[in-house]
Amino acid sequence: MECILCALNPRLAAGHCAWANLIMAGGKADNSKSKANTKGKEKEVKKETKLGLSVKKDDNFGEWYSEVVVNGEMIEYYDISGCYILRPWTMSIWEVMQAFFDAEIKKMNIKNCYFPLFVSPGVLQREKDHIEGFAPEVAWVTKSGNSDLDVPIAIRPTSETVMYPYYSKWIRGHRDLPLKLNQWCNVVRWEFSNPTPFIRSREFLWQEGHTAFASRTEADAEVLEILELYRRVYEEFLAVPVIKGQKSELEKFAGGLYTTSVEAFIPNSGRGIQGATSHCLGQNFAKMFEINFEDDKGEKAMVWQNSWAYSTRTIGVMVMVHGDDKGLVLPPKVAALQIIVIPVPYKDANMQGILDTCAATVRAVRRDNFAKADIAIDGLVEKVKELMDDIQQSLFDTAKLKRDACVVVAKNWGEFAEALGQKKLILAPWCDEEEVEKDVKARTKGDMGAAKSLCSPFDQPALPEDTLCFASGKPAKKWTYWGRSY
Ligand code: 87F
């Protein structure tokens with residue numbers, strides 16, 4: 001637990017209040033006086049530190065978000081659109097999640113590696129069917145100094161084409177399997193739709209896991225094991241509730257067999273957001289990249305592959321879900337700084353009285369709900385640890401209550417359209433036909449963006465036999481979450 005002692009340095013004290021989960025003040029001062037004091041100082045400090053926000057979360061969510069991430073000193077805008085500087089507050093959150101995830105995948109015997117940033121055009125083309133839709137987002141290096149390169153070089157938007165030629169080389173027999181590699185790196189996707197810090201940026205940090213197995217059974221099991229780790233990153237660290245489920249045929253990674261994801265929801269914008277994905281690639285890439293092996297019967301076989309990733313987008317989701325009108329609210333488990341200790345010896349107060357009180361209790365103020373508590377110095381550390389756990393849990397509980405309050409069950413088009421208009425997270429019975437999803441997209445097109453399926457939750461409510469699809473009226477096959485999304 002990181003804790004800072006602010007020896008009455010108002011800039012430090014105020015500046016860190018946005019991030020610390022708890023502010024503890026030792027000693028009691030004259031209440032009326034101290035209130036007047038803080039009020040007067042607040043404006044001054046805001047001006048000095050630019051920590052104050054000019055808009056409220058409910059009034060202008062987009063502007064609020066920009067101000068929170070910048071004034072909270074998490075990011076700085078950069079002179080290339082869609083690129084952001086990740087400041088130390090951000091990186092320490094990233095590192096906490098990284099430490100957890102990295103340790104967990106090591107337990108699964110997944111090894112870290114690092115492949116080059118650059119992709120040769122030849123190898124990129126081998127995946128051309130799947131890259132087709134993505135091609136406009138690939139960034140290229142065409143020059144060195146003043147001279148054009150003989151062959152332009154792509155910058156990785158993801159590393160399938162970089163890694164799989166070597167999987168083909170390294171995998172010979174069944175004893176080479178499974179091959180389970182992960183890399184922590186940056187990727188570049190030259191997005192054209194409006195960039196948003198963490199949520200949609202042209203360069204971002206992620207981990208990408210790429211694994212190869214002898215059997216589909218092993219691959220299927222890993223997909224879910226990784227997805228559970230992603231759920232834990234969101235729910236246990238970032239205190240953000242997510243839904244685990246499967247993507248529709250239209251929304252899955254086109255190169256794979258099926259895609260699972262964790263989906264979050266941002267109540268203020270009424271949009272769903274894909275939190276992380278875990279794909280079973282089947283044997284599609286094995287075919288393209290000739291990743292073959294001799295199986296235990298001496299026969300030639302093709303590997304089964306998975307790939308999975310989560311990115312710095314996680315941090316944006318957390319800021320959007322927990323932040324308030326005062327700025328950032330970080331769950332204690334990922335906060336670089338949990339507590340600020342402020343000694344309060346006022347000159348005009350009775351010094352002995354203060355010292356007596358200081359020796360006995362501290363006043364603690366929580367960042368999440370501003371609740372105040374006087375805690376005895378005896379057993380303070382234990383109490384504060386409990387308080388941190390309580391803040392972590394109540395951030396999650398509050399976020400879940402808010403998310404759940406946005407869920408609407410829609411059984412027909414009328415109910416669906418109404419709920420969409422109210423920015424809800426819609427759970428609807430669906431026939432699971434691709435054409436019907438395309439039709440839903442077409443019918444909901446507008447300035448706000450079309451609605452799409454988010455996922456079919458693994459946790460399926462009962463579906464009575466005669467239930468009809470909300471959009472086509474055909475027999476429904478499953479419950480699926482729908483909404484606008486990031
Ligand atoms: C952008 C440009 C080029 C996404 C792209 O999800 C290619 C792509 O293949 C591309 N944007 N994708 C899909 C990425 C799939 C997969 N890669 C490994 C993952 C997990 C990590």
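Owing to the predicted nature of the structure, the values given are computational and were not obtained by experimental measurement.
Classification of the W64-F61 ring pair by plane angle, with boundaries at 30° and 60°, yields parallel.
Electrostatic pairing of K252 and E249 counts as a salt bridge here, judged by a charged N lying under 4.0 Å from a carboxylate O. One finds a salt bridge joining R366 and D368 here, because a Lys/Arg side-chain nitrogen approaches an Asp/Glu carboxylate oxygen to under 4.0 Å. At a threshold of 4.0 Å, the pair E228-K244 counts as salt-bridged, since one of the basic side-chain nitrogens sits closer than that to a carboxylate oxygen.
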side-chain hydrogen bond (donor to acceptor under 3.5 Å, both in side chains) assessment of E208 paired with W184: CA-CA 7 Å; E208 53 178 320; W184 294 94; over 6 Å; no
Under the side-chain hydrogen bond (donor to acceptor under 3.5 Å, both in side chains) rule, what do S248 and E437 come out as? Steps first, then yes or no, please. CA-CA 9 Å; S248 69; E437 179 163 9; 2.7 Å; yes
Please determine whether ring pair (Phe, Tyr, Trp, His ring centres under 6.0 Å) holds for the pair W430 and W482, giving the CA-CA distance in whole Å, both sets of side-chain angles, and the decisive distance to 0.1 Å. CA-CA 10 Å; W430 182 36; W482 297 77; 5.1 Å; yes
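Between F416 and F470, the ring centre distance stays below 6.0 Å. Here the two rings, on Y310 and F101, have centers that are under 6.0 Å apart.
Cation-pi geometry between K423 and F265 is not met: the NZ or CZ atom fails to fall both under 6.0 Å from the ring centre and inside 45° of the normal. Relative to the six-membered ring of W206, R313 misses at least one condition, a distance below 6.0 Å or an angle of at most 45° to the axis.
The backbone N or O of F198 sits nowhere less than 3.5 Å from a side-chain atom of S201 that would complete a donor-acceptor pair.
Atoms NE2 and CG, on H279 and L257 in that order, are 12.0 Å from each other to the nearest 0.5 Å.
Using a 3.5 Å distance cut-off with no hydrogens or angles, the side chains of Q338 and N21 do not pair a donor with an acceptor. For T480 and S456, the side-chain atoms include at least one donor-acceptor pair closer than 3.5 Å. Inspection of the E251 and T259 side chains reveals no N or O donor paired with an N or O acceptor under 3.5 Å.
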